[in-house]
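Contents: one structure, followed by commentary.
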Amino acid sequence: MVEQARKFGILISGRGSNMQSLVRAAESGFIPARVGFVGSDRPDAAGLAWAKDRGIDTFTVDYRRIARKMRSSGKRISAGYGRSSRLAAESELLQEISSRGCDLICLAGFMRILSADFLSQVSPDRLNPRVMNIHPSLLPAFPGTDGYGDTWRYGCRIAGCTVHFVDSGVDTGPIIAQRGFQITPGESLESVKKRGLKLEHQTYPACVRLYFLDGLKVVAAQQGRLQVAIG
Ligand code: GRF
C-alpha cells in the first residue's frame, strides 16, 4: 500500500472524543490524510491511551512536571517561572512535532495557550495557517475554557461550536465553520454539552477534510482581519 503523503497531528489534554472523531474520519478516508501523531500535555489523558491502543504514535510533554522541575531547580527568567516553564514545555513540544513532521496540527481539547513564538515556528505564514482548534461556543462570544457553561449561564437561546485557525490570542483566530442549535426552555447544561459535542464531532472532521482538499483560503479582509474563504 502506498503511504498517504499528507498527515496531521492532534494535541489533546483529556478524554479526546474530538480526537477520536478525527482519527475515525481519517481511517475511513473522509479526511484525505493520515494521523501522524497524538500528543498530550498530560500523561494521564484518557485519549492518549485510546490512541496508543489504536497503534497511533503518541507522546506527552508534561507541562506540570516541567514547571515543578524548574521551580525546584530555581531556574527562571525575569518574567517568572510560569513563562519560563511554558517556554521550556513549548520547546519540547516543538521537538516532538518537528521530529515527526505534519501538514496540520489539530488542537482537540488541548488546554494550553500556544505562545506567539511557538506559533510563528509551526505556522509562520499568516495566510497559510497550520494550526486548527475546535471551541465550544459561537465565537467571538465566550472564549475560554467553558464555552457551553458560559453560554448556558448567560441565558443564551442558541449554543454552538466553532472551528477556527489558531493565532496567538485566546480563541481569536480566523473562523472556518460554526454550527449552532436552539437551547430549549429549561434544558440542562449537561444536555447542551451533549448536543454540542455531537455537533463538534461532525464539524471538526468536515473542516479538516476541506483543509486537505485545499478548500480553505485565508484572505486579509477589512481592517486587516484575516478571514477564511471556503471553496
Ligand atoms: C470540546 O468541547 C472542545 O470543543 C473543547 O474541549 C472539549 C474537548 O473534548 N476545546 P474532547 O476531549 O474532544 O472530548
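Because only heavy atoms are used, hydrogens play no part in the values below, and waters and symmetry mates are left out as well, while side chains stay in. Both counts, for ligands and for their atoms, begin at 1 and track the order of listing. Numbers here are sequence positions counted from 1.
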Pair D62 + R64, salt bridge at N-O below 4.0 Å:
no
How are the rings of F110 and Y63 set to each other: parallel, tilted or perpendicular (split at 30° and 60°)?
perpendicular
I'd like to know whether CZ of R54 has more than 12 heavy-atom contacts from other residues, nucleotides or ligands below 6.0 angstrom.
yes
Is the shortest distance from a Lys or Arg side-chain nitrogen in D214 or R6 to a carboxylate oxygen in the other one below 4.0 Å?
yes
Return the minimal non-hydrogen interatomic distance between C207 and L216, and the atom names on each side.
O-CD1, 3.9 Å
Set of residues that line ligand 1, where lining means a heavy atom lies under 4.0 Å from it:
R15, G16, S17, N18, G109, I134, H135, P136, L197, E200
Would R195 count as a cation-pi partner of F181, with NZ or CZ less than 6.0 Å from the six-membered ring centre and within 45° of the ring normal?
no
